[in-house]
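Let me begin by presenting the structure, written as structure tokens, before commenting on it.
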Amino acid sequence: MKKVSKGVGVFLFFCLFIFSFFALGKDKVEIQLREVLIQAEKINVNLEKEEIEGWGNISLELYPYKIRGEALRFNLKDEKGYILKPEGREGPFIFKGKMAFLSPSRINVERGYFTTCDLPSPHYHIKAKKIEFYVGEKVIVRDAFFYLGSVPLFWSPLYVYYLKKKNRVMLPDVGYSKVAGGYVKAGYIFYPFKDTEGVFRLEYRKKKGWATGLELNYSSGKKEGDASLYCFKEKNAEALRGIVRVKYFHFIPTSSLLKLNIDYLSDKDILDEYFSNLPFEERQIFPSFFALDLRKGEKRFFLQIQKRFNDFDDYYDILPRLKLNLLHPSVSFKGLYVKADTEFANFLGDDSHIKRLFSSLDFSYPLTFLRYVKFEPNLGLDFFLYEEDKSQKFNVVNYQELKLSLSFKGKTKNLSHLFSPTFKYFRLKNSSVDFPLLDWREEEAEDRELFEVYLQNSFFWKNTPLFYLNL
């Protein structure tokens with residue numbers, strides 16, 4: 001902010017004083033000078049000190065932040081001041097406190113708390129003796145208690161959160177666990193490329209030994225990727241233990257997708273031993289594969305290659321799997337809809353080699369009566385041809401489905417209601433009980449017969465969905 005001469009400053013403050021004098025009778029007084037805007041129920045202006053005091057429903061805007069409070073003292077010359085019982089937002093954080101000291105690039109909150117949850121009673125918050133917001137840069141918290149709801153979880157003497165992407169050393173994490181004993185964890189965060197964040201980790205566990213790790217995270221538009229490498233040198237162990245995990249998604253226009261997943265582990269227990277704090281689903285070991293799913297309209301071409309990298313993996317190698325449409329997936333012949341797919345897969349196991357050719361045909365003929373009744377008969381056939389150890393097996397799975405839907409509508413001036421009961425009958429018959437399931441789930445191949453009822457209740461206000469009640 002540019003400095004103004006003393007004469008000009010006195011003149012401006014005189015104008016502000018006159019304005020405040022006539023505005024005192026209003027509900028709120030407003031004063032603005034360059035980037036500073038102050039609103040309050042009452043404002044006093046000290047022309048000699050170039051200082052403003054305010055009381056009641058304070059609102060201070062000092063670019064780039066805005067703070068509310070109960071009382072304020074602010075020096076326009078130095079652009080510094082304080083506010084009592086401040087409330088505001090900096091970056092993703094919402095904060096409150098007993099007092100805050102202000103400057104253009106810094107907010108120091110005394111005895112306050114902050115959170116990213118904007119509910120009246122936040123799900124979590126951090127309460128601290130001192131919170132230092134370096135505007136647009138970082139947040140430093142001293143003497144901090146971390147709360148889940150109203151329950152304190154843990155305490156930290158110092159906590160730093162960076163708002164801007166900047167290479168930096170992570171604060172050491174010192175602690176104790178039953179499995180590792182005492183431990184020290186350190187790291188370095190860096191940004192090697194645009195849209196890529198990396199973390200190098202160095203850790204020591206008293207009961208285990210040394211560990212190093214490298215993590216990379218990439219996100220840009222419709223591309224997302226994660227890669228991690230960990231190496232563990234344990235005490236009294238000759239061999240290293242380690243993990244390599246890679247996940248990559250690329251969403252291609254027209255609903256197509258490229259996907260890569262690699263899970264390599266030196267042994268199956270390493271995730272539970274070293275990463276027990278992760279959610280259960282992140283500690284699961286998934287098949288390693290490459291998949292390309294190309295779609296144009298409803299046409300589809302699918303390629304998958306799956307490879308076992310771990311000695312303890314119990315799934316098949318798939319080299320490769322190809323899937324495409326024999327016909328357009330929804331070909332209509334005078335109301336009769338036909339869908340057709342075909343697939344070839346080559347499965348390799350420890351002691352087996354199975355080739356599978358799969359084709360499916362699906363026929364449906366939906367009929368509508370009097371706009372309120374819809375009848376949808378459906379017939380499907382799945383053909384399986386297997387070749388295992390130069391012997392062939394053939395299997396057919398057939399299914400029938402009958403669906404009857406009714407539709408009743410009611411409407412007042414603005415409110416409308418749709419009630420639609422649906423009755424469905426499904427029957428599946430498998431011609432062979434001993435054909436290899438491979439990647440099929442067992443329940444998908446079992447003979448079954450079922451009857452379902454589905455009730456849909458939809459309410460609309462001026463043709464806009466209001467709420468649903470479905471059974």
Side-chain angles (χ1 to χ4, degrees), residues 65 67 82 85-103 105-191 197-215 217 228 230 273-279 282-283:
Y65 59 79
I67 298 180
Y82 66 83
K85 294 188 177 180
E87 299 180 18
R89 182 186 290 268
E90 166 56 16
F93 299 114
I94 303 167
F95 64 86
K96 291 184 179 181
K98 185 176 181 180
M99 177 183 287
F101 295 93
L102 312 171
S103 68
S105 61
R106 191 168 170 179
I107 308 171
N108 288 349
V109 180
E110 302 286 339
R111 300 190 181 279
Y113 80 87
F114 70 95
T115 181
T116 58
C117 179
D118 57 0
L119 295 176
S121 298
H123 292 123
Y124 84 95
H125 65 277
I126 300 175
K127 186 181 292 185
K129 186 176 181 180
K130 190 172 184 179
I131 307 169
E132 301 174 12
F133 292 98
Y134 292 81
V135 178
E137 294 285 340
K138 60 185 176 181
V139 182
I140 299 179
V141 187
R142 304 178 192 276
D143 194 10
F145 287 88
F146 292 74
Y147 284 78
L148 183 62
S150 59
V151 180
L153 295 181
F154 61 92
W155 169 85
S156 176
L158 183 67
Y159 171 74
V160 180
Y161 182 90
Y162 288 86
L163 300 172
K164 182 180 289 186
K165 293 181 178 181
K166 184 178 180 181
N167 295 356
R168 59 189 181 273
V169 177
M170 298 172 59
L171 290 174
D173 180 12
V174 181
Y176 176 86
S177 70
K178 187 176 180 180
V179 176
Y183 63 81
V184 179
K185 301 179 181 180
Y188 181 74
I189 300 176
F190 60 99
Y191 299 88
E197 178 180 341
V199 181
F200 173 76
R201 300 184 183 275
L202 179 63
E203 304 172 358
Y204 176 77
R205 298 168 175 83
K206 185 176 181 180
K207 293 184 179 180
K208 291 286 189 178
W210 288 95
T212 58
L214 178 64
E215 302 171 6
N217 177 270
S228 56
Y230 296 95
E273 288 185 27
Y274 284 94
F275 301 93
S276 58
N277 60 318
L278 292 178
E282 295 186 27
R283 287 184 279 117

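Quantities reported herein were computed from a predicted structural model and do not represent experimental measurements.
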What side-chain donor-acceptor pairs closer than 3.5 Å can you find for residues 137-147, not counting sequence neighbours?
residue	atom	partner	partner atom	Å
E137	OE2	K164	NZ	3.0
R142	NE	E132	OE2	3.1
D143	OD1	W155	NE1	2.6

With sequence neighbours left out, the residues meeting side chain to side chain contact (heavy atoms under 4.5 Å, CB included) with E87 are R68, K96
E197: salt bridge (charged side-chain N to carboxylate O under 4.0 Å, His left out) partners, not counting sequence neighbours: none
Set out, in order, the CA-CA distance, both residues' side-chain angles and the distance that settles side-chain contact (heavy atoms from CB on, under 4.5 Å) for T115 and I126, then state yes or no. CA-CA 6 Å; T115 181; I126 300 175; over 6 Å; no
According to side chain to side chain donor-acceptor pair (under 3.5 Å), who are the partners of R168, at least two apart in sequence or on a separate chain? none
Please name the pair of heavy atoms, one in Y188 and one in N167, separated by the smallest distance, quoted to 0.1 Å. OH-CB, 3.2 Å
Y161 side, atom OH; I131 side, atom CD1 - distance, nearest 0.5 Å: 15.0 Å
Sequence neighbours left out, what passes side chain to side chain contact (heavy atoms under 4.5 Å, CB included) with T212? Give chain and number order. L202, C231
K208/E273 salt bridge by N-O under 4.0 Å criterion: yes
Report the C-alpha separation of E110 and F101 in whole Å, then their side-chain angles, then the decisive distance to 0.1 Å, and conclude whether the side-chain contact (heavy atoms from CB on, under 4.5 Å) test is met. CA-CA 8 Å; E110 302 286 339; F101 295 93; 3.9 Å; yes
Tell me which donor-acceptor pairs under 3.5 Å the side chains of residues 169-186 have, and how far apart each pair is, sequence neighbours excluded?
residue	atom	partner	partner atom	Å
S177	OG	A180	N	3.1

Quick one: salt bridge (charged side-chain N to carboxylate O under 4.0 Å, His left out) partners of E215, sequence neighbours excluded? R201
Shortest non-hydrogen pair, K127 vs Y113, comes out as CA-CB, 3.8 Å
Can you tell me how far the OG atom of S156 sits from the CG atom of L158, to the nearest 0.5 Å? 6.5 Å
Going by side chain to side chain contact (heavy atoms under 4.5 Å, CB included), name the residues that satisfy it together with T116, two or more places apart in sequence or in a different chain. P92, F93, Y124
Which residues pass the salt bridge (charged side-chain N to carboxylate O under 4.0 Å, His left out) test with R111, sequence neighbours left out? none
With sequence neighbours excluded, residues passing salt bridge (charged side-chain N to carboxylate O under 4.0 Å, His left out) with K207: none
Would you say the side chain of L214 lies within less than 4.5 Å of the side chain of V199, judging by non-hydrogen atoms? no
Could you tell me the separation between the CD1 atom of I94 and the SG atom of C117, rounded to the nearest 0.5 Å? 7.5 Å
Minimal heavy-atom distance between G97 and V109, with the atoms involved, is CA-CG1, 3.8 Å
Given the rule in the side-chain contact (heavy atoms from CB on, under 4.5 Å) test, do F133 and N108 qualify, once you have shown the distances and angles that lead to the verdict? CA-CA 6 Å; F133 292 98; N108 288 349; over 6 Å; no
Set of ring-ring contact (aromatic ring centres under 6.0 Å, His included) partners for Y134, sequence neighbours left out: none
Across all chains, not counting sequence neighbours, the ring-ring contact (aromatic ring centres under 6.0 Å, His included) partners of Y191 are none
With side chains defined as the heavy atoms from C-beta onward, is the minimum distance between W210 and R205 less than 4.5 Å? no
Rounded to the nearest 0.5 Å, what separates atom CZ in F190 from atom CZ in F200? 9.0 Å
